[in-house]
There are 2 protein chains.
Amino acid sequence: MPKRKEKKISESTIHRLSIYYRLLSALEKEGAATVSSRELAKKEKLTPAQVRKDLSFFGSFGTRGLGYPVKELREKIAKILGLNRAWNVAVVGIGNIGSALVSYKEFQRQGFFIRAIFDNDLRKIGSGHKGVAVSDVKNLREELKANAVDLAIISVPASAAQALVDEVVAAGVRAILNFAPISLKVPDNVSLRNENMSMELEQLSYFLVNGNG
Amino acid sequence: MPKRKEKKISESTIHRLSIYYRLLSALEKEGAATVSSRELAKKEKLTPAQVRKDLSFFGSFGTRGLGYPVKELREKIAKILGLNRAWNVAVVGIGNIGSALVSYKEFQRQGFFIRAIFDNDLRKIGSGHKGVAVSDVKNLREELKANAVDLAIISVPASAAQALVDEVVAAGVRAILNFAPISLKVPDNVSLRNENMSMELEQLSYFLVNGNG
DNA sequence: GAATGTGAAGGTTTTCACAGCA
DNA sequence: TGCTGTGAAAACCTTCACATTC
């Protein structure tokens with residue numbers, strides 16, 4: 001069996017893959033057959049070399065002299081990112097942010113389907129959000145398993161987040177998107193991303209004070 | 001006049017400053033007087049050297065053998081990030097996400113005050129959200145100026161985003177947080193950050209498919 | 001001719017390791 | 001002794017430049 005070449009792909013490359021995916025989806029809709037690294041780069045203020053290098057980590061998708069085939073490249077990237085399948089998502093905490101996420105149509109469009117919603121507020125439990133019933137957070141573990149949830153979104157207050165994440169991890173979920181403004185501890189085999197909107201504003205605040213550049 | 005030493009501070013450092021700020025706020029509430037780089041690092045899975053290096057770009061805030069004074073360091077970072085003052089924020093587009101942001105208490109807590117809300121939906125215009133009236137997006141430019149808005153949050157569909165951002169920039173706003181899943185063009189003197197929640201899930205999807213690490 | 005794919009160069013960020021100070 | 005502050009080294013990421021292919 002040939003040994004797989006174990007190249008470490010950087011987070012920035014994965015992030016840009018996501019960007020290319022969005023650009024290619026748009027190009028495909030417009031009917032473009034091919035696109036060059038230069039064209040892709042210009043749309044996002046990247047360099048052509050960066051685009052080519054990013055793609056080259058995963059294979060040789062282009063044709064010299066011509067560029068990349070839009071449809072095929074989009075499909076290849078979809079496969080790399082795992083977007084060629086549906087993912088089951090749970091939203092833990094259906095407050096302001098949780099509600100907004102449940103209604104966010106972009107998720108479905110990219111193959112992320114919200115299968116379960118949890119809260120600890122008795123007034124919310126049992127009610128429906130976009131066709132999904134709100135479950136008692138006490139049943140978190142069983143229901144995550146019952147719904148084969150792949151990915152959990154944590155949108156509860158900071159004080160409640162770690163305990164719930166521990167439950168989520170215990171249920172076997174291996175990817176977590178955290179909106180609580182706190183640093184969560186997860187085992188090494190679990191992926192965690194933090195979305196802290198105050199911190200985004202703070203970055204902007206820094207540039208307002210210190211100049212942008 | 002002494003020439004200011006022009007050191008370029010990396011985005012990662014600014015991002016971590018925001019993290020330190022949060023940790024220090026918590027430590028201050030707990031009554032801690034000092035904290036070492038090792039303690040700060042451990043809470044966020046960073047290295048002590050990283051913490052010290054980050055802080056050293058802005059001055060020598062610590063005491064050898066002792067660590068950093070919690071209260072003073074928090075105040076210093078607040079000043080660096082521009083959090084020692086209030087910022088006027090506008091929310092452009094009061095759909096699911098816009099509504100959630102207006103209700104997000106963390107913003108106020110960090111000194112970001114929502115002073116204006118805009119939409120193009122006549123049913124929404126005139127209604128109030130958390131004490132702020134929704135204005136017609138047609139009046140964007142005047143109202144941004146009238147409210148001395150420093151920072152705009154774009155939470156409209158992708159198709160409407162660029163035109164509105166052009167207006168926002170024309171009104172003199174120099175910092176934009178964009179939730180629309182599209183790449184926006186702004187002049188060099190305007191700071192732009194993108195918050196694309198689908199892309200966050202796509203990063204997680206990649207790690208689910210390819211393994212985490 | 002046009003554009004990819006990729007080693008090598010260049011640049012940036014992180015980590016090391018230790019002098020220096022409380 | 002304990003911990004900071006910081007040059008130097010190492011690791012990492014981006015850009016260059018060109019051989020290669022269509």
Side-chain angles (χ1 to χ4, degrees), chain A residues 5-20 23-24 27 32-77 80 203 206 212-213, chain B residues 5-20 23-24 27 32-77 80 203 206 212-213:
Chain A
K5 189 164 42 167
E6 237 0 297
K7 264 273 187 45
K8 179 74 188 329
I9 312 289
S10 80
E11 286 219 4
S12 325
T13 291
I14 304 305
H15 178 83
R16 284 189 299 266
L17 238 42
S18 227
I19 293 177
Y20 306 148
L23 293 177
L24 290 161
L27 283 166
T34 61
V35 66
S36 67
S37 59
R38 188 174 36 74
E39 291 171 281
L40 282 175
K42 198 165 57 178
K43 287 179 194 285
E44 296 283 340
K45 280 229 206 147
L46 302 168
T47 64
Q50 175 102 102
V51 173
R52 294 200 300 276
K53 185 66 106 187
D54 283 340
L55 296 175
S56 78
F57 290 130
F58 301 95
S60 297
F61 305 133
T63 308
R64 287 161 201 238
L66 236 179
Y68 299 92
V70 169
K71 185 163 179 294
E72 280 85 340
L73 184 57
R74 189 190 59 67
E75 285 165 359
K76 286 271 207 274
I77 294 179
I80 295 165
Q203 308 297 295
Y206 172 83
N212 180 25
Chain B
K5 188 163 43 168
E6 237 359 294
K7 263 276 189 43
K8 178 76 188 330
I9 310 290
S10 81
E11 286 220 5
S12 326
T13 292
I14 305 305
H15 178 83
R16 284 189 299 266
L17 238 41
S18 227
I19 294 176
Y20 305 149
L23 293 177
L24 289 162
L27 284 166
T34 60
V35 66
S36 67
S37 58
R38 187 173 36 75
E39 290 171 282
L40 282 175
K42 198 166 56 179
K43 287 178 193 287
E44 296 283 340
K45 279 229 206 148
L46 302 168
T47 65
Q50 175 91 268
V51 174
R52 294 200 299 275
K53 185 68 105 185
D54 283 340
L55 297 175
S56 77
F57 290 130
F58 301 95
S60 296
F61 305 134
T63 308
R64 289 164 200 236
L66 235 179
Y68 299 92
V70 170
K71 184 162 179 296
E72 280 86 340
L73 184 57
R74 190 191 59 68
E75 285 166 358
K76 286 270 207 279
I77 295 179
I80 294 165
Q203 308 296 296
Y206 171 83
N212 180 25

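All values below come from the heavy atoms of this structure, side chains included, with hydrogens, waters and symmetry mates left out. Per chain, numbering begins at 1; letters A, B, ... match sequence-line order.
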K.L.:
Please state how far atom CZ in A/Phe57 lies from atom P in D/dT15, giving the value in whole angstrom units.
P.N.:
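Atom CZ in A/Phe57 sits about 12 Å away from atom P in D/dT15.
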K.L.:
Give the rounded distance in Å between these two atoms: NZ of A/Lys42 and P of C/dA3.
P.N.:
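Nearest whole value for this atom pair: 11 Å.
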K.L.:
For DNA chain C, find the residues of residues 34-41 of chain A with a heavy-atom distance under 4.0 Å and give them by number; none if there aren't any.
P.N.:
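Those residues whose heavy atoms fall under 4.0 Å from DNA chain C, taken from residues 34-41 of chain A in numerical order, are A/Ser36, A/Ser37, A/Arg38.
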K.L.:
Rounded to the nearest angstrom, tell me the gap between atom CG in B/Leu73 and atom P in D/dG5.
P.N.:
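That distance rounds to 10 Å.
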K.L.:
Go through the N and O atoms of the side chain of B/Lys8 and the base of C/dG11, and report whether any donor-acceptor pair is under 3.5 Å.
P.N.:
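Flag unset: no donor-acceptor pair detected.
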K.L.:
Under a plain distance cut-off of 3.5 Å, with no hydrogens placed, do A/Thr47 and A/Gln50 share a side-chain donor-acceptor pair?
P.N.:
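A/Gln50 vs A/Thr47: no donor-acceptor pair found between side chains.
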K.L.:
Using whole Å, report how far CD1 of B/Ile9 lies from P of C/dT13.
P.N.:
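Going from CD1 in B/Ile9 over to P in C/dT13 covers 10 Å.
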K.L.:
Taking protein heavy atoms under 4.0 Å as touching, what does nucleotides 17-22 of chain C look like 5' to 3' if B marks base contact, S marks sugar-phosphate-only contact and - marks none?
P.N.:
B-BBBS
K.L.:
Do you know which of A/Leu27, A/Val70, A/Ile19, A/Leu46 makes side chain to side chain contact (heavy atoms under 4.5 Å, CB included) with A/Leu40?
P.N.:
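Looking at A/Leu27, A/Val70, A/Ile19, A/Leu46, the match for A/Leu40 under the side chain to side chain contact (heavy atoms under 4.5 Å, CB included) is A/Leu27.
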K.L.:
Given C/dT13, C/dT15, D/dT14, identify the nucleotide with an atom nearest to the side chain of A/Arg16.
P.N.:
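Looking only at side-chain atoms, A/Arg16 lies closest to D/dT14.
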K.L.:
Could you check how far CD of B/Glu11 sits from C1' of D/dC13, rounded to whole Å?
P.N.:
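One finds 15 Å between C1' of D/dC13 and CD of B/Glu11, rounded.
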K.L.:
What is the distance, to the nearest angstrom, from the CG atom on A/Asp54 to the P atom on C/dG5?
P.N.:
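Taking CG of A/Asp54 and P of C/dG5, I get 12 Å after rounding.
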K.L.:
B/Ile9 versus A/Tyr206: any side-chain heavy-atom pair under 4.5 Å?
P.N.:
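Touching, per the 4.5 Å side-chain cut-off.
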K.L.:
Looking only at side-chain N and O atoms, does A/Tyr68 come under 4.0 Å of OP1 or OP2 in D/dC22?
P.N.:
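Result: no.
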K.L.:
Can you check the B/His15 NE2 to C/dT13 P distance for me, whole Å?
P.N.:
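The distance from NE2 of B/His15 to P of C/dT13 comes to 14 Å, rounded to the nearest Å.
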K.L.:
Among all residues two or more places apart in sequence or in another chain, which pass the salt bridge (charged side-chain N to carboxylate O under 4.0 Å, His left out) test with A/Arg74?
P.N.:
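Counting only residues at least two positions away or on another chain, A/Arg74 forms a salt bridge (charged side-chain N to carboxylate O under 4.0 Å, His left out) with A/Glu28.
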K.L.:
Please state how far atom NZ in A/Lys53 lies from atom P in D/dC18, giving the value in whole angstrom units.
P.N.:
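Distance check: A/Lys53 NZ to D/dC18 P gives 15 Å.
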